[in-house]
J.: 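For reference, the structure I am asking about is given below.
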Amino acid sequence: MFKNYLTEFLDFFLPRFCPGCKSKLTSSENTVCNSCLSKIKLADPEFIKSEYQRKYESKRIISGFVSHYIFEKDKELQHIIHALKYDKKFHIGIFLGECLGKHFKFQFQSWNINLIIPIPLHHLKKAERGFNQSYYIAKGISSQTSIAIKSNVMKRMRFTQSQTTMTLKEREENVEGAFKVRKTDNVKGKNILLVDDVMTTGATINECGKVLLDAGANCIYAATVALADF
Ligand SMILES: [Zn+2]
C-alpha cells in the first residue's frame, strides 16, 4: 500500500514514460505500459521449435533454446530494446528478463540450469555503451529463477563488426574465435544458460556455446528476449 502511494507521489513529480510508445505510465504499470505489452507478439512454441531446428540442431552445440517475443521492425519491442541499449535504461533489461524468467521458469527447471551467462560485449563496446544489456536481462531471469549469474566467466576477445548487413556465412566468420573462457573451473560439468537480447542467425550463441563446451561445460541452453527474422 505504502509503495503505491509512493509511486503515485513520485509519478506526479517525476513521471515515468513507456519506452515503447512514450506515453506516461500509470502508477500500476511497471516499465512498459499495458497497451504495448498486449501488442508485442509472443513467440509460440511451434515457431521456437522450428527456429531451433533451423539455426541450432545440426550444429549439436545448443541443447535447447527459448525466446519470449518476436522482434518486429518499427514496432513497440524495437523501441523498447533500443531504449535499453542506447539510452542506458538498464532497468528495462531487468524488466524484460523478469518477464522471460517468469514465462520459462519451468522450462529452465527441467533443463537443470546451474549457471546463467550473459553474452559478453567487448570491453571497448562496453565502455562506449556503458554496460552490457544482456547482463541486466540475465539479472531479471536470475531474480525469478534463483539461478546464479556469472558475468565474467567469458571474455570477448575481438571487437566484432556490426552484423546487421552480413550473411550467415559472414556472421559465422565474424564471431569465430571471438570468445574465450577465463577460468574453465567455473564451467566444468555445468549446465549453462546463455542470455542475449535478440537472436538473429544464432551465430553468436553457437560460437559462445562451442567455446563453453570446449572448456568442459556439460550442456548449453540459450534464451533471448526476442527472435528476429533471418
Ligand atoms: Zn507503451
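Order of listing sets the numbers, starting from 1, for every ligand and every atom in it.
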J.: Taking E51 first and then R54, would you say they form a salt bridge - that is, a charged N and a carboxylate O separated by under 4.0 Å?
T.: yes
J.: Would E98 and K102 pass as an ion pair if we require N to O under 4.0 Å?
T.: no
J.: Tell me, which protein N/O/S atoms are under 2.8 Å away from the Zn ion (ligand 1)?
T.: C18 SG, C21 SG, C33 SG, C36 SG
J.: Throw together a table of side-chain donor-acceptor distances under 3.5 angstrom for residues 200-210, partners on residues two or more places apart or in other chains.
T.:
residue	atom	partner	partner atom	Å
T201	OG1	A203	N	3.1
T204	OG1	Q163	NE2	3.4
N206	ND2	K55	O	3.2
N206	ND2	G202	O	3.4
E207	OE2	G177	N	3.0

J.: Hey, is the main chain of T224 close enough, under 3.5 Å, to the side chain of S67 for a donor-acceptor pair?
T.: yes
J.: What residue pairs, at least two apart or across chains, pass salt bridge (charged side-chain N to carboxylate O under 4.0 Å, His left out) with a residue in residues 174-193?
T.: none
J.: Pairs in or reaching into residues 71-95: which pass side chain to side chain donor-acceptor pair (under 3.5 Å), with residues at least two apart or in two chains?
T.: K85-D197
